[in-house]
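Notes for the one structure printed next.
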Protein chains: 2
Amino acid sequence: MERALPQSVLRETTDRALFDEVVGRERVTRAELAAATGFSKPTVSESVRRLTDGGLLAATGPQETGRRGRVGTFYELGATAGWVLAVEVDQSGVHAWAADLAGRVRHRHDRPPGGAGDTRALVDALRAVVTSALATPPAGPLRAVAVSMANPVHPTTHEVIALSGTPFPEGLVSPADVLADLVTAPVLVDNDVNLAALAEQGSVGAASFAYVYVGAGLGLGLYLGDRLVRGAHGLAGEIGYLPGAGPGTLAAELAADGFGRSDAPSNDVTAVLKALDDDDPRALAVLVAAVTRVVGSVTAVVDPEVVLLGGPVGTHPTLLAPVRDAVAALSPSPARVEHGTLGVLAPLHGATRLALDHAVRAAITGLP
Amino acid sequence: MERALPQSVLRETTDRALFDEVVGRERVTRAELAAATGFSKPTVSESVRRLTDGGLLAATGPQETGRRGRVGTFYELGATAGWVLAVEVDQSGVHAWAADLAGRVRHRHDRPPGGAGDTRALVDALRAVVTSALATPPAGPLRAVAVSMANPVHPTTHEVIALSGTPFPEGLVSPADVLADLVTAPVLVDNDVNLAALAEQGSVGAASFAYVYVGAGLGLGLYLGDRLVRGAHGLAGEIGYLPGAGPGTLAAELAADGFGRSDAPSNDVTAVLKALDDDDPRALAVLVAAVTRVVGSVTAVVDPEVVLLGGPVGTHPTLLAPVRDAVAALSPSPARVEHGTLGVLAPLHGATRLALDHAVRAAITGLP
DNA sequence: GCTATTTGGTAAGGTGACCTAACTAGAACG
DNA sequence: CGTTCTAGTTAGGTCACCTTACCAAATAGC
């Protein structure tokens with residue numbers, strides 16, 4: 001057995017708490033930090049010195065303050081603290097955000113998709129987006145890259161997992177391998193729905209939380225006890241494989257109903273949305289039944305505090321009320337069912353959060 | 001914001017690691033502990049001194065050792081380290097184990113059930129069992145009581161939750177209240193299936209793990225990332241409320257098929273078992289379909305490494321193979337499906353583990 | 001303008017939990 | 001009987017935190 005806790009974890013949690021506090025408040029003095037976090041003034045001074053030496057924070061000029069006594073030194077995010085890159089790879093192409101360590105997006109980069117199934121074009125687009133991002137870098141080192149993939153991802157190997165009938169077969173590439181010669185920063189890879197859940201959870205703040213994505217595919221992102229649930233094989237949330245009304249899977253039944261996917265590589269979201277817009281009662285009934293099955297299953301298994309519906313179909317306004325009613329009829333103590341608020345940007349927001357968290361953690365543990 | 005990590009957490013994790021190591025090895029010297037845990041010899045000596053002063057450990061006489069040099073002082077669990085009480089309350093009555101802090105069961109106490117729905121008799125039996133346990137206490141203080149209830153339990157208030165159609169309506173009591181005047185030790189309460197999962201997880205060792213109970217009711221215990229999932233309202237694992245093949249719940253459909261429960265307070269387990277023993281094809285088909293629906297749902301939602309089937313019906317040998325086949329047909333990367341090994345004793349084992357964990361943690365944080 | 005007050009920050013010294021290195025204690029081997 | 005091996009202690013150091021006391025600088029009010 002190894003040493004359980006090195007003493008340095010104390011310093012690291014202190015540094016992290018103070019860094020987050022500075023970023024959250026934009027500009028603070030050490031005295032304010034001490035008051036806000038409960039650390040003593042000497043401890044705050046030491047920590048801020050470490051963070052400043054490491055380039056993560058920087059002192060600003062004196063600040064107009066309405067207060068009475070001596071004006072303190074204000075600190076803010078260092079100009080060369082570095083940046084992270086969040087990349088989204090899906091059927092709509094490749095999109096990336098370059099963000100500073102406060103999470104502020106500085107540059108956007110996009111490439112259109114290749115043809116369906118064209119893996120080569122996708123790889124080229126991914127490399128082109130990252131090359132473009134590296135060509136106009138924000139100040140400081142690139143500290144992490146997080147890639148959102150519209151396919152399941154293995155939790156430890158970070159390999160993309162091939163499932164039969166995936167709506168995104170061209171996305172069966174390993175972003176870490178594709179980008180290995182372009183970036184030296186660590187490349188994190190996760191599923192787009194997981195990352196969307198991460199982003200939406202940040203806004204909702206619930207300790208147990210499920211995000212149901214309904215679009216070209218069906219997906220679920222789960223947060224329990226402040227941790228993302230990825231599953232033993234990276235297949236947590238693959239709710240297309242939920243048992244349906246018959247002996248088969250939910251996805252197969254949706255496909256048989258003319259929705260969703262089974263062996264069709266992709267699903268016509270615009271057609272589904274049009275049917276909903278036109279108040280097609282059959283389309284509504286099928287979708288409500290499917291979403292209710294998903295929400296009911298998640299509720300019975302993990303009993304989350306909040307379930308958010310996301311994705312182009314999931315956020316359609318006509319869905320929410322009937323799903324709520326159906327779930328309430330099924331479950332004795334149903335979760336709050338709401339709409340996601342971040343829309344199609346949720347995966348990029350989540351990837352940014354993932355990259356940031358990793359980048360800041362790594363930068364702090366690497367401090368003297 | 002409060003202090004993130006007090007320095008004492010280091011000491012507490014050290015003490016805990018060493019205590020667990022001593023208990024796991026029965027008898028050890030400090031030198032062996034240092035080698036096994038990676039702590040330095042002075043640190044081990046200090047920690048062992050704290051644990052010995054607190055009564056949790058005690059030095060034994062010299063030990064026959066095949067080794068060459070000086071014989072060290074061996075340490076073992078202190079004779080008056082105290083004990084914990086695990087209590088199970090269900091339709092079969094009230095059962096309790098008094099165990100020492102190594103988890104060794106010292107005494108057993110049992111009371112038969114009252115009539116179905118007879119809450120008064122159940123409360124009397126619970127008090128009688130605890131009184132009996134307190135009358136023949138093992139040495140040392142009673143440090144914790146854990147109660148396994150055959151009903152859902154709220155994760156924070158520890159109140160038992162009333163669900164319509166519960167097979168155990170008389171069990172709608174608060175053990176903490178019932179025992180308040182009998183014991184001063186903390187009374188922990190949890191659901192029997194959760195505790196069974198805790199116990200079985202201990203034997204299996206998987207990081208993500210689901211325990212499916214099939215007996216008088218349907219239940220699920222979930223372990224993800226080394227943590228028990230209780231749900232926002234204590235209703236995680238209430239898989240009777242899973243969507244069934246039709247618009248209703250799985251439990252309602254089982255009831256309609258002559259199995260399970262809906263508004264009948266209890267289910268005739270012996271009749272179901274007899275049907276399975278007699279190779280009744282209809283009974284087998286209905287049960288396999290239901291269990292497959294449960295395992296498939298859990299797999300699609302959280303993707304556990306292992307799923308154990310437990311409970312009198314769940315452990316029936318004819319179920320395993322067809323369920324495995326059906327799950328494999330449904331899921332792209334199914335969990336290992338096995339039988340639980342602890343049988344009806346699983347909840348008591350789990351309650352013991354819960355009580356032990358709490359007791360040792362509390363004893364160590366209370367140390368000088 | 002001068003002083004009191006208020007606020008920011010540093011210096012000095014202490015504590016707790018860990019470490020390494022060097023020692024003493026005691027048993028067995030040859 | 002000395003050598004060698006193992007157990008455990010002592011001494012001294014480091015690190016991350018703390019409190020207390022002080023100095024520094026700015027405004028408020030006279």
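Just so it is clear, the values below take in all heavy atoms, side chains as well, and ignore hydrogens, waters and symmetry mates.
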Legend entry - Under 4.0 Å protein heavy-atom contacts per nucleotide of nucleotides 24-30 of chain C, with B for base, S for backbone only and - for none: -BBSSS-
Legend entry - Under 4.0 Å protein heavy-atom contact, by nucleotide of nucleotides 12-17 of chain C - B base, S sugar-phosphate only: ----BB
d([atom1], [X]; [atom2], [N]) in whole Å:
{"X": "B:K41", "N": "D:dT10", "atom1": "NZ", "atom2": "P", "answer": "13 Å"}
{"X": "A:F74", "N": "C:dG8", "atom1": "CZ", "atom2": "P", "answer": "8 Å"}
{"X": "A:R49", "N": "C:dG8", "atom1": "CZ", "atom2": "P", "answer": "21 Å"}
{"X": "B:L18", "N": "D:dG8", "atom1": "CG", "atom2": "P", "answer": "13 Å"}
{"X": "A:R30", "N": "C:dA11", "atom1": "CZ", "atom2": "C1'", "answer": "14 Å"}
{"X": "B:R27", "N": "D:dA7", "atom1": "CZ", "atom2": "P", "answer": "17 Å"}

How long is the straight-line distance from [atom2] of [Y] back to [atom1] of [X], given to the nearest 0.5 Å?
{"X": "A:T13", "Y": "A:I364", "atom1": "OG1", "atom2": "CD1", "value": "9.5 Å"}
{"X": "B:T29", "Y": "B:Y75", "atom1": "OG1", "atom2": "OH", "value": "9.5 Å"}
{"X": "A:T136", "Y": "A:R106", "atom1": "OG1", "atom2": "CZ", "value": "12.0 Å"}

Treating [X] as the side-chain partner and [Y] as the backbone partner, does any N or O pair qualify as donor plus acceptor under 3.5 Å?
{"X": "B:E76", "Y": "B:A58", "result": "no"}
{"X": "A:S208", "Y": "A:E305", "result": "yes"}
{"X": "B:R50", "Y": "B:L367", "result": "no"}
{"X": "B:W97", "Y": "B:H349", "result": "no"}

Inset, instruction - May I ask you to evaluate whether A:S45 reaches the phosphate of C:dT10, defined as a side-chain N or O under 4.0 Å from OP1 or OP2? - result: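 Yes, because at least one side-chain N or O of A:S45 sits under 4.0 Å from OP1 or OP2 of C:dT10.
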Inset, instruction - Give A:S40 one of three labels, base, sugar-phosphate or nothing, depending on what nucleic acid heavy atoms sit under 4.0 Å from its own. - result: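 The answer is base, as A:S40 lies within the cut-off (heavy atoms under 4.0 Å) of a base atom.
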Legend entry - Student check: side-chain heavy atoms of B:L101 and B:L356 closer than 4.5 Å: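 Contact flag for B:L101/B:L356 side chains = yes.
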Legend entry - Result of checking A:V84, A:L195, A:L198 against A:R353 for side chain to side chain contact (heavy atoms under 4.5 Å, CB included):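 With A:R353 as partner, side chain to side chain contact (heavy atoms under 4.5 Å, CB included) holds for just one option, A:L198.
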